[in-house]
Structure formats: structure tokens, C-alpha cells
2 protein chains.
Amino acid sequence: MPKIEDVAAKAGVSVTTVSRVLNNRGYISQATRDKVAQAMKELNYQPNEMARSLFRKKSNMIGLIIPTVSHPFFSELVYHLEYYADQKGYKVLLCNSNRDISKERKYIDMLKKNQVDAIVMGSNVQDVKHYLNLNLPIISFDRTVANNIPIVTSDNYTGGRLASRLLVDKGCRKLAHISGGVGGPNHAALLASKRFQGFRDELPDTGIEHVSLELEIAGLGDKRNVDELVRFFQEHPDADGVFATSDVLAALVIQACHQLKKTIPQEMKIIGYDDVGIASLVWPRLTSIRQPVREMSECAVELIVKLLQGEEVSMINSFPVTLIQRDTT
Amino acid sequence: MPKIEDVAAKAGVSVTTVSRVLNNRGYISQATRDKVAQAMKELNYQPNEMARSLFRKKSNMIGLIIPTVSHPFFSELVYHLEYYADQKGYKVLLCNSNRDISKERKYIDMLKKNQVDAIVMGSNVQDVKHYLNLNLPIISFDRTVANNIPIVTSDNYTGGRLASRLLVDKGCRKLAHISGGVGGPNHAALLASKRFQGFRDELPDTGIEHVSLELEIAGLGDKRNVDELVRFFQEHPDADGVFATSDVLAALVIQACHQLKKTIPQEMKIIGYDDVGIASLVWPRLTSIRQPVREMSECAVELIVKLLQGEEVSMINSFPVTLIQRDTT
DNA sequence: CCCTTAGTGTCAACCGGTTGACACATCATT
DNA sequence: AATGATGTGTCAACCGGTTGACACTAAGGG
């Protein structure tokens, strides 16, 4: 690996001069600029960003902690976040916490040690609250953490209302609310519980009752997931509408219905959440509440950039959700 | 951010001593060890890994370049790779190239500048071949690159054979081979073409003919994908078996069949590839060829560790595939 | 009493690049 | 001829931590 010294030698100038062209400061003639560029090219020189970061106290890295990138919602989040981060010159260090609080802690430590400029937290963070006397920007994705931490979220409450309103309008008489997440239930996703709240708030006047199931997903392909759902629907044979808090859950519900020979949407209407790719790959194609992940990711990156420039940002950044009607309702 | 100096002051020892306890070298009494530990705790001190990396010429970061993490195969890959990397003390810098060669180049440069210890390439790399006079370990994931670059792959050829053998055994008379990928066709995935080779090599004796379609996926939810498949099957109404080179494609084929009112598996048998989560979330549940992504990821990390220790590694690391029978065949 | 080992400190160089201070030269303006 | 902008070099300090050389002390063993 050539160093700046080598470039200087090859170009016949001083190290300072090379640094000057590298950083565009002071006066430099076009001639030397070219000489230096030439030397860099010949040596295939790349400035060592670690050294620069060390001096500048800025790494241009952001840490991203999520439960697991293997869940489609998060994989889309990661994709977009990395995209916008890259646009702004930031690199993404990815951490899968599996919702394990001790792993979250370790990752936070690791990210601090590695001098990331900011952390995006898409995982629990609940108990980590007190832990956040980090002196670096944190922003939280779809989880309430503490009121001094900016959050990017979508309108979960309205999402819940939209879902149950649709099911009601379509004539359902008894609704089921299915929640849960990979690697244990979604305890910490406080915001997702607002979906439930919205879901319920739409019902009182209608006289429609609802039942609820918190599914502990055992791994996507695991048969037990569907089995448990089948059992649940056998206990509640009169349920004719389902609101699932994620499209993955909804897909499992569809499986259960197929198994129970319930026709969709005639005997059972289903609505999912997130509108990830899978929603249009299942059959029937899933009606879902869309979170604008792309826009949310863009916002997250912008928040970070602003925070790092010392600007003020709004603490709550909520995006509207939209109902995507497909064939399960 | 406290520095080692602050710790030294608070503990009443020299910087060298702190460094010694930090790195476990030389003689240190338990007493000072404790004092230093205490001081670190009180200051909430974390050694600056950038500074250490700079000195050690080792960052413990690995760069991962893939087409897009939003594709389930890659999101599972990323998940497992990050897991094993973390186990071995490595961090993962994620890069989505979208199969764009110029973006790949930029990412490779970026990773070099940032002193990653190794790169895992899950994206094209074909034209980048000559570009690889990097002086750092590269390993390639499921793509042939150059013969001096170790590769982790699975037995694509056998995968193809297994697939067509199964379709033949189940009585299909005319097969369709559907390939393609998100963001353009899969040109570069040379290895995946071995699947096609295997697929064809199983047919000659049987007298079964096949047709082939290279689908340019337009985005997962896009209706045009299914439309094109429907058109294709209308042109080949006698096709009764499909081998899709990914489960996502297979899911689209299922959609097309539903739309054409072809019953699965009676009138149409379908087999996918990868056996990602989605395979068991569609209906009917998809028969697929499973690549052992977890094991492959583990292997990739191990290769890197070995390479960094200067050990010799085998250039070709191929894993067996397995046929997962579900309900589409 | 000498020698060894343990335990700690001081000092300087180093990783690779950045930056400010300052010196000096050249060239165009006024 | 004086002035100021332009262009480049030298030097040293710095980012935060690591390491080797060396000195010194105290304790324990033979």
C-alpha cells in the first residue's frame, strides 16, 4: 500500500503539497495538481481513510442495529438506508441483534469503539434507555426510545384504523388480530402496539368483537407457525377477518386458511402490514398497509446528516401509511 | 470521549501501563489491573479502535458487496455472514451494487480506502477481474471470478439435474426454464448457468423438450413480471413443468398459473431454487433446491480468517444442494 | 550479598495523514 | 520599487493508541 510519502516522492513534491491537492486547500498550480494526480494513478494510491478519520474525528460510518436483516421489512430498510447513506458519503456497519438486549448492548459498545458517527436503532432499545449517554447521535427507527432521541416512524395508529375499517366495511363480523415477530414476540415494538390500538378504536360503535393472538414465530419455514394458527382459527371458527401486524404473519395466515379450506376473501378476509415484496408474491395477493420505507430511510439519513452538522431536527418524524388493496379483502 | 491519557491520570498510573493492561503484555500486578479497570469503568472508557487499527494495520472489518440485500437470498446470506463475522470479531460493511459495474468499482475502492481486511464479493465481478490487483484477500460468493480467488459456492450443476430429474419423474412432458434476476438478467452469474446446464443434461434420453425464458424482473410488486410469464405460458400451452432459478421467480410463476387457472401440481409442476423463507410462505408451498446458505456463509468467514492468518485455503469450496419437496411438484 | 523476576515509569518512534506557522520565490499590479 | 496574490517547501504538532528500549525499585531465592 503506497502512502502519501510515496506519492510525494514520485511526483517530486512535498508531502504537504500532496495533502493540499488531496484536500483542496491553499494555492496549487494546475501543473503540480496534474503531476500529483499522475503519481497517484501510477501508484494506484488511495488515501488511508482510517488515518484521515482519526485526525478529523469523523469516520463517515453509521451503525445500523436491527433485529434481523433476514426479515423482509428490515432487508428493505437496510437496502434503502444504505443507498441514501452512500449518496451522502456514509458507509453502513450492519448489526443483527436478534432482539437480544445483551447483543444490542455489545453492538452499541462496538459501534462506539469503532467511532461511527451515528447509530440508527431499529431494534428494541427499551432497557437500553439509560444506556444512551453516548455522546453521538442516535436515531430510532419505528421504536420509541426516549424523548431526546429523534424517531422516524409511520402512522401506526392510522394504519390500525385503516385495517379494521376496511375489514368492517367489507362486512366482517368477527376480527382476529395476529401479532408477533421472528425470534420472539414483538414486546418492544411499542409503536406497533399503536396499530392494535387503532385497530380496536375503530370497532366500538360497530358491535364487532375481536380476538387476539401473539404468535412466536419459530423460523420462517417452520410448520409449527401454521399449526398454531390453524389451532387458533379452529378455536374461533366464526372469525372472518384478520389483521396481521406484518405481511409475513399474513402469509402464514393465508397458509392456515388454505389448510382449513377457508376461501379468501369470501370466508376470510386478511390484511397485512408493511407491504413488502412478499405481499404480491403470495396467493391471493395480499392487501396490506404500506409503510413508505424508502422515504423513511431517506429521512433517517437526512436526520443524521443534520444532527452531525449541529442542526436542530424534529424529534418525531412520522410518515403516512397507505392502504394497498389487493385480493385478500 | 475519554482517552487513554485520562484513564491513566484517574488511575494514577502511566499511559504505558494502561496500554499494558489493555493488551495484556508485560508484568502487571492485580492491584493496578483493578485500579485501571475501575478508572475505565468510571470514565466509561472505550479504546478508540480506529487508532488501534491504524497502528496494527488491521481493521477487523470485512466488506460485503452484493447486488441487493432486498432479495431474500442475499438477505439470508448477509444475516449469516454477519453472524459468523461477529463471532470471529469482524464487522461487516454492507454494499448494494445493484449489479452496476461502476458502482462495484466504486465500492471496491471505498472498501480499500477504508482498510477493510477482506472483501466478500457476491456480485458480478466479471469485468472487474483485471481490477483485482488489490493487495487484500477477496473471496467470491457463488460467482466465478478468477482462478486466484477462492470461491464459496454450491453444486449448481447437480441442483439443475435434481430439478429436471424430479420434473421428469413426476411425468412432465415439456419443461420451461425461467431465469432472470432483479435489476436485469443474471448475465454474470456464470455459476447459475451451470444450473441450466445440469437441467438440460438430464433431458436428452427422455425425449422431453424444453423452452426457456429470461425474465427481466421489474421490481417485486410489479404486475408486468406476471404478465410476461402469462404471455410466455400462453405461447407454450403444453408446458407442464417449470424450473425457476430462484424462489422469487418461482413465486411469480405460481402467480401466473393461478391467473391462467392451471392447477398446481396437477397441470403444472414447479420447482424453485434457494429455498429461502418465501418458499414455504407461498401457496402451494414451493418445492425447491436448497443451498446451504448458513454453512456457506460460515465457510466464507472461515476462509477469510485463514487467509488473514496467511494460511493456504482451497480455491473451490462447493457445498451440496438438497431437494426440498413440497407441494408444487 | 548477588541475581533474578516482577512491576512500573519515561521516552521516543510509529501508524498515515492533516494542518497551521512560517519562509521564500515568482509574477502581475499599481 | 513596493505590494499582494500565488505557489511550494520545511517543520512540528496532532489524532489516539502501541511498542520497544531502558531505567529503577522491591522482593525473594540461593
Side-chain angles (χ1 to χ4, degrees), chain A residues 1-40 43-61 109-117 135-136, chain B residues 1-40 43-61 109-117 135-136:
Chain A
M1 284 269 175
K3 31 206 283 196
I4 199 171
E5 219 174 273
D6 306 322
V7 177
K10 173 144 253 163
V13 297
S14 74
V15 168
T16 304
T17 300
V18 177
S19 177
R20 285 203 262 250
V21 340
L22 231 41
N23 299 287
N24 262 314
R25 29 177 55 253
Y27 298 115
I28 298 132
S29 70
Q30 192 55 46
T32 33
R33 226 181 260 285
D34 294 345
K35 270 194 304 184
V36 171
Q38 180 61 26
M40 297 211 268
L43 292 171
N44 193 15
Y45 170 79
Q46 314 265 100
N48 182 330
E49 288 296 332
M50 291 218 116
R52 307 178 100 178
S53 297
L54 183 58
F55 185 85
R56 302 211 175 108
K57 294 167 176 294
K58 181 144 193 296
S59 64
N60 284 309
M61 292 199 305
D109 277 349
M110 183 275 274
L111 293 171
K112 268 185 75 178
K113 284 199 280 207
N114 283 277
Q115 312 298 118
V116 298
D117 293 334
N135 25 14
L136 58 84
Chain B
M1 284 273 174
K3 31 207 283 196
I4 200 171
E5 219 175 273
D6 305 322
V7 177
K10 171 143 255 164
V13 297
S14 74
V15 167
T16 305
T17 299
V18 177
S19 177
R20 285 203 262 248
V21 339
L22 232 41
N23 299 287
N24 262 314
R25 32 177 50 253
Y27 299 117
I28 297 131
S29 69
Q30 193 54 46
T32 31
R33 227 180 259 285
D34 295 344
K35 270 194 303 184
V36 170
Q38 180 62 23
M40 296 210 266
L43 292 171
N44 192 16
Y45 170 79
Q46 313 266 100
N48 182 330
E49 288 296 332
M50 290 218 117
R52 306 177 101 178
S53 297
L54 183 57
F55 184 87
R56 301 211 174 108
K57 294 169 177 294
K58 179 143 195 294
S59 64
N60 284 307
M61 292 199 305
D109 278 349
M110 183 275 276
L111 293 172
K112 268 186 74 177
K113 284 199 280 207
N114 283 276
Q115 314 297 119
V116 297
D117 293 334
N135 25 14
L136 58 85

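In what follows, chains are A, B, ... by sequence order, proteins preceding strands, each numbered from 1.
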To the nearest Å, give me how far apart [atom1] ([X]) and [atom2] ([N]) are.
X        : N      : atom1 : atom2 : value
B:Asn23  : D:dG16 : CG    : P     : 17 Å
A:Met50  : D:dG17 : CE    : P     : 13 Å
B:Lys58  : D:dT18 : NZ    : P     : 15 Å
B:Glu49  : D:dC15 : CD    : P     : 19 Å
B:Gln115 : C:dG16 : CD    : P     : 8 Å
B:Leu54  : D:dG17 : CG    : C1'   : 9 Å

OP1, OP2 of [N] versus side-chain N and O of [X]: anything below 4.0 Å?
X       : N      : result
B:Lys57 : C:dC14 : no
B:Lys3  : D:dG16 : yes
B:Asn48 : D:dG17 : no
B:Arg52 : D:dG17 : no
B:Arg56 : D:dT18 : yes

Taking atom types as modelled, find out whether [X] and [Y] have a side-chain donor-acceptor pair closer than 3.5 angstrom.
X       : Y       : result
A:Arg52 : A:Asn60 : no
A:Asp34 : A:Gln30 : yes
B:Ser19 : B:Thr16 : no

A:Glu5 side, atom CD; A:Tyr45 side, atom OH - distance, nearest 0.5 Å
10.5 Å

Please check this pair: side chain of [X] against backbone of [Y], looking for a donor-acceptor N/O pair closer than 3.5 Å.
X        : Y       : result
A:Ser53  : A:Glu49 : yes
A:Asp117 : A:Ser59 : yes
A:Asn48  : A:Met50 : yes

Heavy-atom side-chain contact between A:Gln115 and A:Leu54 under 4.5 Å:
no

Side chain of B:Ser19 only, heavy atoms from C-beta on: which candidate in C:dG17, C:dG20, D:dT19 is closest?
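That would be D:dT19.
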
Show the numbers, then the answer: is there a side-chain contact (heavy atoms from CB on, under 4.5 Å) between B:Leu43 and B:Lys10?
CA-CA 9 Å; B:Leu43 292 171; B:Lys10 171 143 255 164; 4.0 Å; yes

So if I take the C1' atoms of five pairs at each end of the helix from C:dC1-D:dG30 to C:dT30-D:dA1 and get each local axis, what angle do the two axes make, rounded to 10 degrees?
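The end-segment axes of the helix from C:dC1-D:dG30 to C:dT30-D:dA1 are tilted 40° relative to each other.
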
How do A:Arg25 and A:Ile4 order along DNA chain C: which one's closest nucleotide is nearer the 5' end?
A:Ile4

Which atom pairs link the protein and nucleotides 8-11 of chain D when you take only N or O atoms and keep those under 3.5 Å?
{"from": "D:dT8", "atom 1": "OP1", "to": "A:Ser29", "atom 2": "OG", "distance (Å)": "2.7"}
{"from": "D:dT8", "atom 1": "OP1", "to": "A:Thr32", "atom 2": "OG1", "distance (Å)": "3.1"}
{"from": "D:dT8", "atom 1": "OP2", "to": "A:Ser29", "atom 2": "N", "distance (Å)": "2.7"}
{"from": "D:dT8", "atom 1": "OP2", "to": "A:Ser29", "atom 2": "OG", "distance (Å)": "3.2"}
{"from": "D:dT8", "atom 1": "OP2", "to": "A:Thr32", "atom 2": "OG1", "distance (Å)": "2.7"}
{"from": "D:dG9", "atom 1": "OP1", "to": "A:Ser14", "atom 2": "N", "distance (Å)": "3.4"}
{"from": "D:dG9", "atom 1": "OP2", "to": "A:Ser14", "atom 2": "N", "distance (Å)": "3.1"}
{"from": "D:dG9", "atom 1": "OP2", "to": "A:Ser14", "atom 2": "OG", "distance (Å)": "3.2"}
{"from": "D:dG9", "atom 1": "OP2", "to": "A:Thr17", "atom 2": "OG1", "distance (Å)": "2.2"}
{"from": "D:dG9", "atom 1": "N7", "to": "A:Arg20", "atom 2": "NH2", "distance (Å)": "2.7"}
{"from": "D:dC11", "atom 1": "N4", "to": "A:Thr16", "atom 2": "OG1", "distance (Å)": "3.2"}

